Number of protein chains: 2
Amino acid sequence: MTITSFSQDLKINSRELVDTIHSTADMFGAKGVWGSESTQTGVCRLALSDLDKQVKDWFIVETKKLGCTIKIDECGNIFATYPGKYNDALPTGMGSHLDTQPTGGRYDGIYGVLSGLQVLRTLKENNITPNFPITLVDWCNEEGARFAMSLMASSVWAGIKTKEEIYALKDIYDNETTVLQELKRIGYLGETKCSYKENPLKCHFEIHIEQGPVLEEYEKKIGVLTGAQAYNWLNIKIEGMSQHTGTTPMEFRRDALLATAKIISGINEVAKKYKGLASVGKLSLLPDVVNVIPGEVDFVLDIRHQNDEGLSHIRKGCQEVIEEACLNKAGNGVKLPYSIIDPYPYPATHFDKSLINIIDDSAVAIVGEELKHKMYSGAGHDSCATNLVIPTAMIFVPSRDGISHNPKEHTEPEDLELGFRVLLESILRYDNARLSEL
Amino acid sequence: MTITSFSQDLKINSRELVDTIHSTADMFGAKGVWGSESTQTGVCRLALSDLDKQVKDWFIVETKKLGCTIKIDECGNIFATYPGKYNDALPTGMGSHLDTQPTGGRYDGIYGVLSGLQVLRTLKENNITPNFPITLVDWCNEEGARFAMSLMASSVWAGIKTKEEIYALKDIYDNETTVLQELKRIGYLGETKCSYKENPLKCHFEIHIEQGPVLEEYEKKIGVLTGAQAYNWLNIKIEGMSQHTGTTPMEFRRDALLATAKIISGINEVAKKYKGLASVGKLSLLPDVVNVIPGEVDFVLDIRHQNDEGLSHIRKGCQEVIEEACLNKAGNGVKLPYSIIDPYPYPATHFDKSLINIIDDSAVAIVGEELKHKMYSGAGHDSCATNLVIPTAMIFVPSRDGISHNPKEHTEPEDLELGFRVLLESILRYDNARLSEL
């Protein structure tokens, strides 16, 4: 089946997208050299930092140049709206995020926002007025790396978090600083309500790097996403007893780190059993001194599964592993107290079927049936939040060696360009399909 | 057998010692409330901090009041010498340390220095001039908690470390600050050579809390130490690959923390097998972010054994555990690189037989045969350094529940007083025995 392309007659400068990715990386947070080329670094641009402010300022300048109107909401999200013919209708939405991990690459999130910008630049350059307005969103603090809530501001927009909750979040590197303080400090505490009800979008398209090995392994160019894994971040505290390492016999110990080690090994088995994922990425000891048995260990257990039932099995298995480890059989048998809190559970995401079809058709139009692949996302994305309240779908492009959250994160320029063209095609195709609304 | 006491006719105010322990704790670093009484806190007095300077200043004032002469050496050790009749002979030495762990108690080290002070106060109050001068030493940075080398300045004095090595040590909380800078800043970079050759002592007595459960368990009051465990601190780095926790299948991972968890569990078994000790008290992850698989883990493995051969067995067993864990069988089978450095190996210590006998006789004179116990030390002490170059021995008093390096560290006042009286008796007994030198 041949599919007509809505973008095939346009003048398309997709190389400009790649150049913009690198020029903004260089201007706003390039860090972590991994090769000899100037583009071979990662980016460190933590949410609500000075660098995040600078890239936000730049984003507003660039979208205003194209004739967009700008709204900044009370959670730091930026909505840049390109006018259409029917401006009373809800805008078609697309977006992603410009913040990164501390050891982030050049593409995670950034590729999505800048591809959206390139869609708007293409419309402008071709003097196209879409039927409906198109809003490009920079969602604030997707990563949750500095303020520990991923999908932070898109979650408020979708109504599953309150602005008060996120305002109170503290900088994990500096316990004195809150989201509210930083929003004010960098000038991004906007007046627009952060709510899908009061500042609505018709839908949300997002393009992103895969951050995993699947497309590369199957030699595909475009991932058409059907959904995203369920996941949960369990904040766990194990309480032991700080004692001198030299004077406390092994059988008298309450070693919180030894129990934690058994948990980390055990949850690895649990995840494999249920064909899901589990690991610990963040961990701290008290007092963290060479010759003191750790009296307390705090860590975050990240568990994921393709469906909610699988996640629930893993959660249960983890509970058993924790319970067993805290019996402290390797020590004096005095049970170690523990606590578990899971503040950010995300259910499995199932994207909107009609949007999936739009993307699927667009992918076929641009790369052909052979090079597109239906798949689900391993990571959470802002689209997982928007999908709770509006039709949403996503596009993936390959990640070299599946590496992400690492300066070495890389996608070939040709693949970045193909992905952008699928996004452009999807937006135009959707804009056309919406004529039936009228 | 009844043993004559050399101190029985003295006016002894051992309660003053207990009062001094609490008043200095209150003035210089009380922290970590664990009960409702004002004395129920720990102490945080990190080496070369402002609080360490303050307690050193206080120590000099108090010893000068007794007629002591003061030498400060180039590594921050303070030697306070009480004059004897034969002041050309080497002084009888006693000492311990006034610095603490960040989560330290009121007794570790402090009890030894203040008991020495109480010995000198007792001589003064009773108008006794000993045969030989007596030097009380405050050894600088025994803990190695802030600048990561335990027995720091006593090791330089004993010639097994150089002053240049310790000057370059960096504050683990602030990588900009060195030992040399802090010695200068607090005014304790003295002019006396830090060397047992150029600033010698005849011997070294040290009294210390046990920091373990043995005396309490056996219902003994005085530990007569025959030696101390061999120990080693292995600095280990495991290199994995930072990848997104959500998108990297379990079988494709190189998780440095998972390997570390297997090591921590494994070394626990190794230590038990060889009847020694092993644990990890200090550990850090890179990048330490919730949704990133740890790409690097650095930790310090603390291993101990009563004798050098046992330590060597444990060291070998740990190597095997590390090798096995780094095969990364739970991940993609790509071997994880690791490195091990062990900068501070301490062989098993065997104290001087004649000094052990002096202490043993003194313990019998004060508490009787039934309440003293021959034992070895689990922890390293400054006496392990001095024992390398001069006759050395130690006295222990019980630690409640064996707890130390914890604000709850506690020894009953009566036990503190008994220990002090054994130290006083030992010093006088030794001073008398030395008359045969003349």
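Throughout, protein chains are lettered first and strands after them, A, B, ... in sequence-line order, and every chain is numbered starting at 1. Since this is a predicted model, take the numbers as computed values, not measurements.
- Proximity to chain B is limited to the side chain of A/Thr103, based on heavy atoms less than 4.5 angstrom apart.
- A/Lys220 NZ: more than 12 foreign heavy atoms inside a 6.0 Å radius.
- Contacts with chain A were tallied for B/Arg253, B/Lys262, B/Gln229; B/Arg253 has the most, counting heavy-atom pairs under 4.5 Å.
- If you measure heavy-atom distances from A/Asn291 to chain B, the contacts under 4.5 Å come from both the backbone and the side chain.
- Shown here for A/Cys44 and A/Lys31, the closest heavy-atom pair between the two residues is CB-CD, 3.6 Å.
- The only member of B/Glu143, B/Met152, B/Arg45 that meets side chain to side chain contact (heavy atoms under 4.5 Å, CB included) when paired with B/Asp99 is B/Glu143.
- Heavy atoms of A/Val290 lying under 4.5 Å from chain B belong to its backbone as well as its side chain.
- Heavy-atom pairs under 4.5 Å with chain A peak, among B/Pro213, B/Ala145, B/Pro102, B/Ala259, at B/Pro213.
- Proximity to chain B (any heavy atom under 4.5 Å) is restricted, for A/Asp401, to the backbone atoms N, CA, C and O.
- For A/Leu285, the part lying near chain B is the side chain, with the backbone staying farther off; criterion is any non-hydrogen pair under 4.5 Å.
- Panel note: side chain B/Glu210, backbone B/Gly402; no donor-acceptor pair is recorded below 3.5 Å.
- Between the side chains of B/Ser284 and B/Asp298, not a single donor N or O lies within less than 3.5 Å of an accepting N or O.
- The only member of A/His381, A/Gln101, A/Gln211 that meets side chain to side chain donor-acceptor pair (under 3.5 Å) when paired with A/Asp108 is A/Gln211.
- Both the backbone and the side chain of A/Gln243 come within contact range of chain B, judged by heavy atoms closer than 4.5 Å.
- Both the backbone and the side chain of A/Asp288 come within contact range of chain B, with heavy atoms under 4.5 Å apart.
- Checked options A/Val300, A/Ile303, A/Ile322; the residue passing with A/Leu234 is A/Ile303 (criterion: side chain to side chain contact (heavy atoms under 4.5 Å, CB included)).
- Contacts of B/Pro249 with chain A are made by both backbone and side-chain atoms, with heavy-atom separations under 4.5 Å.
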